[in-house]
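Whatever order the structure lists ligands and atoms in, that order sets their numbers, starting from 1. Only heavy atoms go into these numbers, but all of them, side chains included; no hydrogens, no water, no symmetry mates.
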Amino acid sequence: MPSKRNFLLRVLLCLTIIVNTAPATSRASDRKINWDEVQREALDLFIQYLKVDTTNPPGNEIHAAAFFADILKREGVEHQVFEPYPGRGVIWARVRGDGSKRPIILLNHTDVVPYDKEFWTVEAFGGAVKDGFIYGRGAMDMKSLGMAQFVTLLTLKRAKIPLKRDVIFLATADEEAGGMKGAGWFAKNHRELIANAEFLINEGGNNIVEPDGRVAAIGVGPSEKAPAWLRLTATGEAGHGSTPRPDSSVNRLLRALNRLLDYTPPIRFTPVVEQSFRSVAPLLPDRQAEKYANIREAIKDPEFLRQLDSDPFARSVIRNTISITMLQGSNKINVIPPAAYAEIDTRLVPGEKLDRWISELRGVIKDDSIKIEPILSFEANASPTDTELVAAVSAISKQRYPEAIVAFPVLAGFTDSHYFRDLGVMSYGFSPFVGSQRELGGGYHGNDERIGKKSYADGVKFFYDVVERLVR
Ligand SMILES: [Zn+2]
């Protein structure tokens, strides 16, 4: 567990099958749900799901889609499976509401990152349960949340809860590689299946649990930083290494990169970033709380700014960032190449514009002969926080964790939510799994990735309650 301050800062920081399209609304609704049974089944399904190897690359998410499809078929839930690229699967399912409110999408990705066998004490796709934990690649990121969403859909359907909105379950491929072959593909090609959706819940929420187990904050993530991955190309006269050229492509590139290394992008407080600081202020001691509540003023104090900047997570939320990650010059030691390249991972604070950022970088590099091209970028967008969805999370969270506040973290990384924010769907990161770092073990992408059985079971119910409140 990191120190409380650090932790708070960190937080700021086609094959088509359609079955039974009848609305799930029913007067004879509201049969009592047997939660022991639901949670037992949720555990059983989760273990089975963890056994589906969806390591990306190559992904093979079609197996995950088939896993869900089997169950949906049995349950008579309307669904479609897509295979946009060989082996890559996307599954969409819907339980219909009466249409008096707009649909909600439960979004999750089925792919997981690779693992290194050497560092794991259990089979990564064995579905092991031991000492109160469920182990497996994806146990945290994000098969647990995917299954909580799935169980929510099944439970609403089986209990014949009268729904005001359609509930759409969407499990996609390729998130770990940017989502172009999953959520990105779906948002582009099947908008009709999510038309008019109002809300979306995805990964990307952080909760704060104190070392003593007290739940301090439930996070609802309205926004994330956006990647602006750039390729820099320097050109110059080619030649023999024995006769150096001061203006060679490699030298020009290195000078440009050095200027970037020496550059600290200015602080850019957009409303969503300010809000994320303000939202955690109540958790801090008075003087600190005041600063967080008025962060724009507070950073005028150099000592406070120094503190903020000393934390990589806080730093990454208040500024655009630059990481130089890939370099390429000559492929032979005695050849001065005509071109040299660097790829840099820059990230933009929500509200920033790519064009403006590139011209800022041009000003820093001070060499117009260097070409700057975007490789991957998207709008750094945000969703509002005065919405019914946020109110639903707050209300349920108040019942479960009366002392916890609701915080609005801005993610330093990114998820698939941006594809849907671009379509006008208000999208949020929310994790119903609330526990200590030990309880939510191994971390995202970590070794021996695991989740406590109790955290998982409680989370399934928490998630259901939030969705039910939004759809009734
Ligand atoms: Zn993820």
Side-chain angles (χ1 to χ4, degrees), residues 10-11 13 46 49-50 52-61 63-65 67-68 88-91 105-115 124-125 134-150 152 169-187 200-207 219-227 313 316 345 347 376 378 383 409-421 425 427-435 437 440-451 455-456 459-460 463:
R10 182 170 303 200
V11 166
L13 309 190
F46 183 35
Y49 184 29
L50 285 170
V52 182
D53 183 347
T54 46
T55 306
N56 183 11
N60 285 324
E61 299 92 337
H63 298 308
F67 166 80
F68 286 122
R88 318 306 297 267
V90 171
I91 183 157
I105 304 167
L106 312 180
L107 175 71
N108 64 94
H109 65 83
T110 60
D111 60 321
V112 297
V113 291
Y115 75 105
F125 297 100
I134 310 150
Y135 286 77
R137 179 50 97 215
M140 289 300 302
D141 184 12
M142 65 171 287
K143 286 183 169 171
S144 45
L145 181 52
M147 188 49 75
Q149 295 182 347
F150 188 69
T152 293
F169 172 82
L170 183 59
T172 60
D174 197 39
E175 191 275 343
E176 298 292 358
M180 298 297 286
K181 295 179 174 171
W185 173 87
F186 187 87
L200 176 146
I201 305 180
N202 185 20
E203 63 181 341
N206 292 319
N207 305 316
V220 181
S223 187
E224 336 180 313
K225 286 188 79 186
F313 293 95
S316 70
D345 179 353
R347 306 279 175 128
L376 177 134
F378 52 76
S383 299
V410 171
L411 268 198
F414 65 93
T415 69
D416 280 337
S417 291
H418 67 94
Y419 292 117
F420 301 88
R421 287 197 184 105
V425 184
S427 305
Y428 302 87
F430 165 61
S431 169
F433 306 112
V434 181
Q437 284 202 326
L440 309 178
Y444 282 53
H445 303 187
N447 299 322
D448 275 354
E449 192 177 336
R450 64 198 177 277
I451 182 170
S455 289
Y456 172 72
V460 169
F463 193 85

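F68 has its ring centre less than 6.0 Å from the ring centre of Y49.
When only modelled atom types and interatomic distance are considered, R421 and S383 share a side-chain donor-acceptor pair under 3.5 Å.
Within the 2.8 Å limit, E175 places no N, O or S atom next to the Zn ion (ligand 1).
Seen from the Zn ion (ligand 1), atom NE2 on H109 and atom OE2 on E203 lie at an angle near 80° (rounded to 10 degrees).
The residue from E61, H109, K181 that alone fulfils the side-chain contact (heavy atoms from CB on, under 4.5 Å) condition with E175 is H109.
The aromatic rings of Y456 and F46 sit parallel, their planes meeting at an angle under 30°, below the 60° perpendicular limit.
D141 contributes OD1 as its N, O or S atom closest to the Zn ion (ligand 1).
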